[in-house]
Amino acid sequence: MLATAERYNRVARALHAAIAVLILANLLTGFFHKPLDEVLRTMPFHKASGLTILVLSLARLGWRLTWTAPALPQSTPAWMRLAARAVHLLFYPLMIVMPLSGWIVASASDRPLTWFGLFPVAKFAVTRGDTAYVLGHEMHELLGWVFAALVVLHVVAALYHHFAMRDGLLRRMW
Ligand code: HEM
Ligand code: HEM
């Protein structure tokens, strides 16, 4: 059992888990939305879950600024510390810019924007010809790939710590 000081706090762990599950779902429903549409319309879920990610990420960022993360295990090499820091730092803006750019793209569509059909969500005043739409669309697509690559790297690193280095790092967050 890890000491409390060596683990992320309960709120951080809960937010990390919820956001991780939703982001994995959004990457899948985003990249495969065309083939998925043939079977099931997943885009309304993608949009609502993406907006949830935005709200949870803002809460997480606020919470994160109020405490210091537990120090990495002594055995972690310097290059790995640097890589982990860089990836974690990149995740925060991605967790905010991805949903915001998606929101801009969805705003230009005629389809209604709701939160899981429960209540309507306001749209930005953009149309498909606007620079904001073109930029938002490009960013959403390009950053989707960057995000997916970093998530793969992050998960491989977490599993490497767990199975190869056996330093208990995974248990700090899960
Ligand atoms: C972290 C949250 C999100 C992630 C990781 C994500 C990821 C993706 C990915 C990977 C794609 C496919 C891009 C492509 O190759 O064309 C996509 C498409 C799309 N996303 Fe998201 N998304 C997120 C949030 C949102 C939100 C909040 C909305 C709207 C409110 C949204 C609306 C859309 C739309 C409309 C498309 C289709 C774009 C097109 O016409 O090609 N996304 N998303
Ligand atoms: C899929 C989307 C994910 C995102 C966006 C994400 C993001 C993050 C961020 C930003 C941190 C740093 C926390 C901080 O100090 O503020 C973190 C830590 C961590 N994540 Fe994830 N994560 C994701 C998925 C996962 C998954 C699937 C695993 C496990 C297989 C995982 C394992 C960990 C671990 C073990 C830590 C703690 C690392 C340490 O102690 O320094 N994450 N994650």
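Heavy-atom basis, side chains included; hydrogens, waters and symmetry copies ignored. Numbers for residues simply follow the sequence, beginning at 1. For ligands, and for the atoms within them, numbers begin at 1 and follow the listed sequence.
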Participant: Show me which atoms of ligand 1 lie under 4.0 Å from any heavy atom of Ile53.
Facilitator: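 Heavy-atom distances to Ile53 below 4.0 Å select 1 (C), 2 (C).
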
Participant: Closest N/O/S atom of His46 to atom 21 (Fe) of ligand 1, by atom name?
Facilitator: NE2

Participant: For ligand 1 and His140, I'd like to know whether there is a polar contact (N/O to N/O, distance under 3.5 Å).
Facilitator: yes

Participant: Which ligand 2 atoms are under 4.0 Å away from a heavy-atom of Tyr8?
Facilitator: 13 (C), 14 (C), 15 (O), 37 (C), 39 (C), 40 (O), 41 (O)

Participant: Below 4.0 angstrom from a heavy atom of Leu27, which ligand 1 atoms are there? Numbered from 1 as shown, please.
Facilitator: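 The list of qualifying atoms is 5 (C).
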
Participant: Under 4.0 Å from ligand 2, counting heavy atoms only, is it the side chain of Leu72, its backbone, both or neither?
Facilitator: side chain

Participant: Which of these, Lys47, Glu141, His137, has its nearest heavy atom closest to atom 15 (O) of ligand 1?
Facilitator: Glu141

Participant: Can you report which non-hydrogen protein atom sits closest to atom 23 (C) of ligand 1, along with the distance?
Facilitator: Asn26 ND2, 3.2 Å

Participant: Of all the non-hydrogen atoms in the protein, which one sits nearest to atom 2 (C) of ligand 2, and at what distance?
Facilitator: Ala20 CA, 3.7 Å

Participant: Return the option from Arg7, His88, Met173, Arg64 holding the heavy atom at the smallest distance from atom 38 (C) of ligand 2.
Facilitator: His88

Participant: Quick test: of every protein heavy atom, which one is nearest to atom 29 (C) of ligand 2, and how far off is it to 0.1 Å?
Facilitator: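 The closest one turns out to be Trp174 NE1, 3.2 Å.
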
Participant: Can an N or O of His16 be found at a distance shorter than 3.5 Å from an N or O of ligand 2?
Facilitator: yes

Participant: Pull out every atom of ligand 1 sitting under 4.0 Å from any heavy atom of Leu51, numbered as shown with elements.
Facilitator: 27 (C)

Participant: Measuring from atom 9 (C) of ligand 2, which candidate in His161, Arg60, Met95 has the nearest non-hydrogen atom?
Facilitator: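 Checking each option, the heavy atom nearest atom 9 (C) of ligand 2 is found in Arg60.
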
Participant: Identify the two heavy atoms, one from Met98 and one from Phe147, that lie closest to each other, and give their separation to 0.1 Å.
Facilitator: CG-CD1, 3.6 Å

Participant: Identify which of His154, Glu6, Arg13, Met98 has a heavy atom lying nearest to atom 21 (Fe) of ligand 2.
Facilitator: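 Answer by nearest heavy atom: His154.
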
Participant: To the nearest 0.1 Å, how far is atom 27 (C) of ligand 2 from its closest protein heavy atom, and which atom is that?
Facilitator: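 Looking only at protein heavy atoms, the one closest to atom 27 (C) of ligand 2 is Val155 CG2, 3.5 Å.
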
Participant: Considering only non-hydrogen protein atoms, determine which one is nearest to atom 34 (C) of ligand 1 and report residue, atom name and distance to 0.1 Å.
Facilitator: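 Scanning the protein heavy atoms, the shortest distance from atom 34 (C) of ligand 1 goes to Met43 SD, 3.9 Å.
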
Participant: Can you list the atoms of ligand 2 that are under 4.0 Å from a heavy atom of Arg172?
Facilitator: 39 (C), 40 (O), 41 (O)

Participant: What protein heavy atom is closest to atom 7 (C) of ligand 2, reported as residue, atom name and distance in Å?
Facilitator: Phe91 CD1, 3.3 Å

Participant: Taking atom 35 (C) of ligand 2 as the point of reference, which of Leu22, Leu170, Leu65 owns the nearest heavy atom?
Facilitator: Leu170

Participant: List the closest protein heavy-atom neighbour of atom 12 (C) of ligand 1: residue, atom name, distance to the nearest 0.1 Å.
Facilitator: Gly30 O, 3.3 Å

Participant: Heavy-atom contacts with Val151 under 4.0 Å: which atoms of ligand 2 show up? List them by number with element.
Facilitator: 1 (C), 2 (C)

